[in-house]
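See below for the structure under consideration.
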Amino acid sequence: MQTKQKILLPKMGCGTWAWGNRFLWGYNESMDEELQAVFNLCVSNGVTLFDTGDSYGTGKLNGRSEQLLGQFSQLYQGANKDSICIATKLAAYPWRLTRQSMISACKASAARLGKNVDLVQMHWSTANYAPWQEGALLDGLADLYEQGLVKGVGLSNYGPKRLKWVHQRFSDRQIPIVTLQVQYSLLSTYPVTELGLKDVCDELGIKLIAYSPLALGLLTGKYSENGSLPKGIRGLACKQLLPGMRSLLECLREIAAFRNKTVSQVAINWCICKETIPIPGAKSAAQARDNIGALGWELDSGEIAELDKAAASVDKKMVQNIFQTR
């Protein structure tokens with residue numbers, strides 16, 4: 001087997017779910033220049049991991065996130081250019097049934113990116129509804145690695161039981177699992193705390209990526225029960241969760257004030273202190289700059305304990321991804 005290039009993962013990445021998504025995030029093409037500024041700012045500050053998916057984008061804009069990342073990475077000429085890592089997730093669509101379908105999907109992603117995918121990830125497990133479908137799709141991911149079409153393979157929305165099953169399947173072919181990403185934040189501790197996922201990842205040498213570390217904006221501190229809320233599903237989540245998270249927000253604000261940081265920076269730094277790689281999204285240079293401010297310092301053990309306690313006291317948490325397995 002040919003020598004594989006190693007993937008170097010930074011302390012924090014950038015999620016690009018919003019780049020092309022009209023339905024939830026209100027994307028339109030006029031935002032592209034600002035998104036290029038976000039990309040440039042991130043890379044120049046060492047945030048070199050960009051997480052995307054072949055399903056990101058709404059309607060005719062499907063794959064838009066990958067297209068934009070391809071354009072931005074080719075145009076970028078600043079510091080850390082050689083460290084850029086594009087991680088895409090291939091959707092386990094019902095019509096993807098063979099290992100070849102995953103190879104074709106990854107090649108389509110590479111065409112949109114204008115380069116090979118660095119880290120290819122299974123977007124979700126089909127274990128909860130069509131377990132018979134999953135084996136062939138995972139075999140396709142392994143084929144991509146063996147054929148040198150990707151530098152590494154990762155998973156998304158897997159719990160420890162299913163993760164061990166995939167790990168055994170890949171071990172038989174000497175395919176390492178580089179990363180696993182799950183929804184993880186102060187409002188979504190379930191996969192790590194209740195399922196014990198971090199311990200399993202540590203045991204297997206897999207790096208845990210935390211998506212939605214700001215819980216759709218609920219942990220930024222910019223929304224209040226009596227203030228204006230975002231439209232659609234995000235607004236609904238705010239209405240349901242804000243009343244029960246007063247003590248958590250108060251704790252975040254106190255630590256942020258003491259540290260001279262923003263609430264968002266404290267929430268993201270908590271994920272870093274839990275030895276995960278958070279991938280907060282950003283639609284503006286100001287948001288990216290705020291996210292970057294979570295780097296270069298660390299909460300102390302007392303502050304982490306306070307936040308853990310405040311998070312545990314929240315009765316209503318973020319709804320888990322329906323594809324999250326045990």
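In this structure, a donor-acceptor pair under 3.5 Å is present between the side chains of Arg64 and Tyr27.
Using a 4.5 Å heavy-atom threshold, the side chains of Val150 and Cys106 count as touching. Side-chain atoms of Tyr145 and Lys151, non-hydrogen and from C-beta on, never get closer than 4.5 Å to each other. No side-chain heavy atom of Leu8 sits under 4.5 Å from any side-chain heavy atom of Cys85. The shortest side-chain heavy-atom distance between Gln181 and Ile279 falls under the 4.5 Å cut-off. By the 4.5 Å heavy-atom criterion applied to side chains, Leu119 and Val178 are counted as neighbours. Taking the side chain as every heavy atom from C-beta outward, Val47 and Leu49 never approach each other to under 4.5 Å. Under the 4.5 Å side-chain criterion, counting only non-hydrogen atoms from C-beta, Pro131 is in contact with Arg162. Looking at Ser101 and Leu137, their side chains come closer than 4.5 Å, going by heavy atoms from C-beta outward.
Look at Asp308 and Lys274 and you find a salt bridge, because one of the NZ, NE, NH1 or NH2 atoms lies within 4.0 Å of a carboxylate O, short of that distance. Look at Lys207 and Glu275 and you find no salt bridge, because none of the NZ, NE, NH1 or NH2 atoms lies under 4.0 Å from a carboxylate O.
Thr325 places a side-chain N or O within donor-acceptor distance of the main-chain N or O of Gly159, the cut-off being under 3.5 Å. At least one donor-acceptor pair closer than 3.5 Å links the side chain of Lys89 to the backbone N or O of Thr52. The backbone N or O of Gly293 lies less than 3.5 Å from a partner atom in the side chain of Trp297, making a donor-acceptor pair. Looking at Arg112, its side chain never comes within 3.5 Å of a backbone N or O of Leu69 through a donor-acceptor pair. Not a single donor-acceptor pair under 3.5 Å links the side chain of Glu303 to the backbone N or O of Ile255.
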Verdict with reasoning, Asp290 to Lys261, per salt bridge (Lys or Arg N to Asp or Glu O under 4.0 Å): CA-CA 9 Å; Asp290 191 40; Lys261 300 291 178 186; over 6 Å; no
Would you check, one step at a time, whether the test salt bridge (Lys or Arg N to Asp or Glu O under 4.0 Å) holds for Arg96 with Asp54? CA-CA 13 Å; Arg96 286 185 179 160; Asp54 68 349; 2.8 Å; yes
Under the salt bridge (Lys or Arg N to Asp or Glu O under 4.0 Å) criterion, do Glu34 and Lys283 qualify, and how do the steps go? CA-CA 7 Å; Glu34 185 77 6; Lys283 290 192 296 178; over 6 Å; no
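Leu180 approaches Ser156 most closely through the heavy-atom pair CD1-N, 4.0 Å. Summarising the geometry of Ser212 relative to Leu216, their closest heavy-atom pair is OG-CD2, 4.5 Å, with the distance given to 0.1 Å. Looking at every heavy atom in both residues, Asn128 comes nearest to Gln324 through ND2-O, 3.2 Å.
Taking the six-membered ring wherever Trp is involved, the centroid distance between the rings of Trp165 and Tyr158 does not fall below 6.0 Å. Annotation: Phe39 is in aromatic contact with Phe50 [ring centroid separation under 6.0 Å].
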